Amino acid sequence: MKKKNSHAQLLWRLLKGSRLLFLCSVLCSAVSNLMDMLNPQIIRAAIDNAIGGMPSTFPPYVNALVEKVGGFSYLGQHLWLMAAALLVVAAIRAGAHYLTMVLNSKASETLVKNMRDSLFSHIERLPFAWHQKNHTGDIIQRCTTDVDRLRAFVAEQLTSVFRISVYLIFALYFMFSMNVQLGLVALLPIPFMLAY
């Protein structure tokens with residue numbers, strides 16, 4: 001247990017200077033995921049409510065927002081507003097995705113710099129006898145491989161876990177808000193996927 005804590009503490013220390021960047025990257029990823037989920041909802045509202053005239057099954061805050069614009073009947077007569085909403089959602093998604101990539105890259109480069117500085121200062125303090133026993137090429141190769149693996153883990157896998165978790169939460173919210181029974185059916189394969 002102590003070793004796991006020391007690994008987590010080491011990772012936390014190496015993330016100094018990039019923690020906020022990683023957090024902002026995850027938040028931008030959440031915004032991008034939310035925009036992915038809003039797109040089909042706007043199309044659903046346009047087809048079912050604005051054109052089809054069906055009663056709204058959206059939450060009250062969405063209905064209140066639509067009423068401020070003029071209601072679904074008004075949107076049915078002015079479909080360009082729905083198209084404009086789709087364009088706005090797509091623009092926000094593209095901007096959030098771009099920011100996610102930029103912030104993640106900056107954060108991972110800061111992490112790499114911290115790791116390299118830490119490794120250099122550690123190797124510099126090792127006794128001369130240790131340097132005689134270990135070849136310089138082996139030390140360099142080991143350091144670069146380990147640094148690259150840790151950068152790949154934090155920048156790709158760890159942020160992907162957060163991104164997928166947020167995506168799953170939004171997907172569950174929208175599925176259950178539309179149809180509880182179908183949402184439960186869609187949940188059935190998730191434990192198997194997680195176990196895999």
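Not measured: the values here are computed from a predicted model.
Of all heavy-atom pairs spanning P189 and A186, the tightest one is CD-O, 3.3 Å. Scanning both residues, G76 and L79, for their nearest heavy atoms gives O-CG, 3.7 Å. Of all the heavy atoms in L75 and M82, the pair that sits closest is CD1-SD, 3.7 Å. Among all heavy-atom pairs drawn from S108 and F22, the shortest one is N-CZ, 3.9 Å. Nearest heavy atoms, G183 versus F176: C-CZ, 3.8 Å. For A30 against F170, the heavy-atom pair with the smallest separation is O-CE1, 3.4 Å.
Side chain of S165 to backbone of V161: a donor-acceptor contact under 3.5 angstrom is found. Within the 3.5 Å criterion, the main-chain N or O of V89 finds no donor-acceptor partner in the side chain of N39. Between the side chain of T100 and the backbone N or O of S29, at least one donor-acceptor pair lies under 3.5 Å. Judged by distance alone, the side chain of S118 and the main-chain N or O of N114 form no donor-acceptor pair under 3.5 Å.
No more than 12 heavy atoms of other residues, nucleotides or ligands lie within 6.0 Å of CZ in F162, so this atom counts as exposed by the packing criterion. Shown here is M101, whose CE atom has no more than 12 heavy atoms of other residues, nucleotides or ligands within 6.0 Å. Taking a 6.0 Å sphere around CZ of R116, one finds it holds 12 or fewer heavy atoms contributed by other residues, nucleotides or ligands.
Note on M178 and M37: separate hydrophobic clusters, where clusters join Ile, Leu, Val, Met, Phe, Trp and Tyr whose side-chain heavy atoms are under 4.5 Å apart, directly or indirectly. Taken together through direct or relayed side-chain contacts under 4.5 Å among Ile, Leu, Val, Met, Phe, Trp and Tyr, L86 and L81 form part of one hydrophobic cluster. Residues F192 and V185 do not share a hydrophobic cluster, clusters being chains of Ile/Leu/Val/Met/Phe/Trp/Tyr side chains in contact below 4.5 Å. Criterion: ILVMFWY side-chain heavy atoms under 4.5 Å apart, direct or through other members. Under it, W80 and L38 are part of a common hydrophobic cluster. Residues M35 and F58 fall within the same hydrophobic cluster, defined by Ile, Leu, Val, Met, Phe, Trp and Tyr side chains chained together at heavy-atom separations under 4.5 Å.
A distance of 10.5 Å separates OG1 in T110 from CE in M115, rounded to the nearest 0.5 Å. To the nearest 0.5 Å, the span separating CE on M54 from CD1 on I47 amounts to 11.0 Å. In this structure, CG on D36 lies 12.0 Å from CD on Q41, to the nearest 0.5 angstrom. Note that CG of N104 and CD of E109 are 10.5 Å apart. Values are rounded to the nearest 0.5 Å. Atoms CG and OG1, from N49 and T57 in turn, are 6.5 Å apart once rounded to the nearest 0.5 Å. Atom CG of residue L20 and atom OG of residue S25 lie 11.0 Å apart, to the nearest 0.5 angstrom.
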As a quick check of understanding, evaluate side-chain contact (heavy atoms from CB on, under 4.5 Å) for N63 and F72, giving each step before the final call. CA-CA 9 Å; N63 291 330; F72 284 109; 3.9 Å; yes
So V31 and L27, side-chain contact (heavy atoms from CB on, under 4.5 Å) or not? Walk me through it. CA-CA 6 Å; V31 170; L27 290 175; 5.8 Å; no
Should V66 and S56 be marked as a side-chain contact (heavy atoms from CB on, under 4.5 Å) after you check the CA-CA gap, both sets of side-chain angles, and the distance that decides it? CA-CA 10 Å; V66 170; S56 172; over 6 Å; no
Could you check I169 against N33 for side-chain contact (heavy atoms from CB on, under 4.5 Å), going step by step and ending with a plain yes or no? CA-CA 10 Å; I169 290 167; N33 289 344; over 6 Å; no
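Between the side chains of R149 and T145, no donor-acceptor pair of N or O atoms lies under 3.5 Å.
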